[in-house]
Amino acid sequence: MRKYVMAGNWKMNNTIAEGVQLAQELSNNYENDWADKVEVVTCTPYVDLKPVVEVFDFDKCNIGVGAQNCYFEPSGAFTGEISIPMIKEIGCSHCIIGHSERREIFGETNEMVNKKAQALIEGGITPIICVGESLSVRDDGKYDEFVRDQVKAAFAGIDAADAENCIVAYEPIWAIGTGRTASPEQAEEVCAAVRDEIKNIYGESVAQNIRVLYGGSMKPENAEGLLAKENIDGGLIGGAALKADSFTDLIKACL
Ligand code: 13P
């Protein structure tokens, strides 16, 4: 049985004061026995990480904290970048890599995603590896092949024991922040393809254990249909993670 993962991606939202307030509201709503069924993660801007970790630690709240990016080198002349030892020291358990916004706006390549995945594993942080096609790739009917190629590239050189502990998030770009959610059937089709590609690389056992999330306009009103699908093990949530009550309702949809 795979445990659900509900990960909030705050993107570039919430100053420290706003982030601390949201973390406190989440902590107030959260009940620690939910952890049996669902792993909850909040991925904040870098500057919010430490204050948010402190809120959850103080409250003994079982919500993990993740970064939204990292650099794969441990230190050095990389102006503006943040290393994995830095986010590790803060207390991050997870890190999103390869988000479509990073790929499209900041030129992150499959090769960089792979290097980041390897370095995160080495550093003991769980990568949340994002994959997903643009509208034009979807309209061309090439999305299956496109997403499988992203999965293959992200996992190159990673062994089975490590791969099993990674999380993959399928986020069709045309459904992000658009209000146009993939239907449960559309999301399931590609999440199943992700799992099938993992099976091609690592075999059945890793494929059965790895968690594959859906992301793209997921909200309390559409979560149940998505989460009911066999190959969807949770969500990577943008907009609906910015309000404690909607994120809490999404977590509750996993219980
Ligand atoms: P929305 O939930 O706002 O569509 O964002 C999805 C996303 O990109 C999460 O990483």
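A quick note: this is a predicted structure, and the numbers were derived from the prediction, not measured. For ligands, and for the atoms within them, numbers begin at 1 and follow the listed sequence.
- Put simply, CD1 on Ile198 and CZ on Arg195 are 9.0 Å apart, with the number rounded to the nearest 0.5 Å.
- Nearest protein neighbour of atom 5 (O) of ligand 1, counting heavy atoms only, is Lys11 NZ, 3.3 Å.
- Looking at atom 7 (C) of ligand 1, its nearest protein heavy atom turns out to be Glu171 OE2, 3.1 Å.
- Counting heavy atoms only, Gly177 comes closest to atom 4 (O) of ligand 1 of the residues Gly177, Ala7, Ala241.
- Contacts with ligand 1 closer than 4.0 Å are made by side-chain heavy atoms of Asn9 only, the backbone lying farther away.
- Considering backbone and side-chain atoms together, Glu101 places no N or O closer than 3.5 Å to any N or O of ligand 1.
- At a 4.0 Å cut-off, not a single heavy atom of Lys219 sits close enough to ligand 1 to count as contact.
- For ligand 1, one of its N or O atoms has an N or O atom of Gly238 under 3.5 Å away.
- Around atom CD of Glu230, no more than 12 heavy atoms belonging to other residues, nucleotides or ligands sit under 6.0 Å away.
- At the top of the distance list for atom 3 (O) of ligand 1, counting protein heavy atoms only, stands Gly239 N, 2.8 Å.
- The distance criterion of under 3.5 Å between nitrogen or oxygen atoms is not met by Leu236 with respect to ligand 1.
- Ring orientation note: the planes of Phe78 and Tyr71 are tilted relative to one another, at an angle of 30° to 60°.
- The only option from Asp149, Asn110, Val190, Val147 that meets the side chain to side chain contact (heavy atoms under 4.5 Å, CB included) definition with Val131 turns out to be Val147.
- The shortest separation from a heavy atom of Gly216 to ligand 1 is under 4.0 Å, placing the residue in contact.
- The backbone N or O of Gly238 sits nowhere less than 3.5 Å from a side-chain atom of Lys11 that would complete a donor-acceptor pair.
- Between Arg102 and Glu108 there is a salt bridge, since at least one side-chain N of the basic residue sits less than 4.0 Å from a carboxylate O of the acidic one.
- Checked by distance only, ligand 1 and Thr178 stay at 3.5 Å or farther apart across all their nitrogen or oxygen atoms.
- Interatomic distance, OG of Ser75 versus CD of Glu81, reported as 13.0 Å (0.5 Å rounding).
- In this structure, Lys199 pairs ionically with Glu204, as a charged nitrogen and a carboxylate oxygen lie closer than 4.0 Å.
- Those atoms of ligand 1 with a heavy atom of Ser217 less than 4.0 angstrom away are 1 (P), 2 (O), 4 (O).
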